[in-house]
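Quick note: residue numbers are just sequence positions, from 1.
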Amino acid sequence: QYVEVLLKGLDEMQVEKLNLRNNNLVGGEIAKHLDSVMNVIDLDLSENRIGKYLLGLKQPIVAKHSVLRRLALEKVH
């Protein structure tokens with residue numbers, strides 16, 4: 001729940017690096033809020049349960065207005 005609150009507030013903040021490693025996130029939660037992290041340059045989603053939603057990450061990441069340069073997905077399942 002706290003991650004959801006954090007992600008909702010990111011649009012208003014200048015965050016360049018966001019580490020969500022090992023936060024027990026599931027794919028639906030991440031996909032739902034991914035648009036909120038479009039200003040993040042370095043995003044770590046490692047060690048979370050993204051599952052089939054990994055494919056849903058593609059569109060926001062390659063979007064024209066995305067500034068993402070590094071995406072860590074180690075040990076994602």
Side-chain angles (χ1 to χ4, degrees):
Q1 292 87 341
Y2 72 92
V3 172
E4 185 174 335
V5 172
L6 171 69
L7 292 176
K8 284 183 181 179
L10 282 179
D11 278 340
E12 302 165 11
M13 300 167 49
Q14 293 296 326
V15 177
E16 291 185 2
K17 185 173 184 176
L18 182 60
N19 184 347
L20 296 175
R21 178 184 289 263
N22 197 17
N23 272 282
N24 295 317
L25 299 176
V26 293
E29 294 171 346
I30 294 169
K32 185 168 74 171
H33 298 291
L34 195 59
D35 287 337
S36 300
V37 297
M38 296 309 289
N39 59 337
V40 174
I41 295 171
D42 186 331
L43 178 60
D44 189 345
L45 296 174
S46 300
E47 299 178 33
N48 287 292
R49 293 174 290 150
I50 298 175
K52 66 181 180 182
Y53 291 95
L54 187 59
L55 295 174
L57 298 177
K58 180 183 175 187
Q59 183 59 36
I61 290 170
V62 299
K64 206 176 254 189
H65 59 281
S66 174
V67 296
L68 188 65
R69 297 292 174 254
R70 179 182 171 274
L71 174 64
L73 295 170
E74 299 168 24
K75 298 181 184 175
V76 167
H77 54 276

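Hydrophobic clustering (ILVMFWY, side-chain heavy atoms < 4.5 Å, transitive): Leu54 and Val26 are in distinct clusters. Taken together through direct or relayed side-chain contacts under 4.5 Å among Ile, Leu, Val, Met, Phe, Trp and Tyr, Leu20 and Leu71 form part of one hydrophobic cluster.
Residues Asn48 and Leu25 come closest through the heavy atom pair OD1-N, 3.0 Å. Among all heavy-atom pairs drawn from Asp44 and Ala72, the shortest one is OD1-CB, 3.4 Å.
Applying the side-chain hydrogen bond (donor to acceptor under 3.5 Å, both in side chains) criterion to Asn23, with sequence neighbours excluded, gives Tyr2.
Screening residues 68-77 for salt bridge (charged side-chain N to carboxylate O under 4.0 Å, His left out), with sequence neighbours left out, gives Arg21-Glu74, Asp42-Arg70.
In this structure, Ile41 shares a hydrophobic cluster with Val67, the cluster being traced through Ile, Leu, Val, Met, Phe, Trp and Tyr side chains under 4.5 angstrom apart.
Atom CG of Leu45 sits about 4.5 Å away from atom CD1 of Ile50, to the nearest 0.5 Å.
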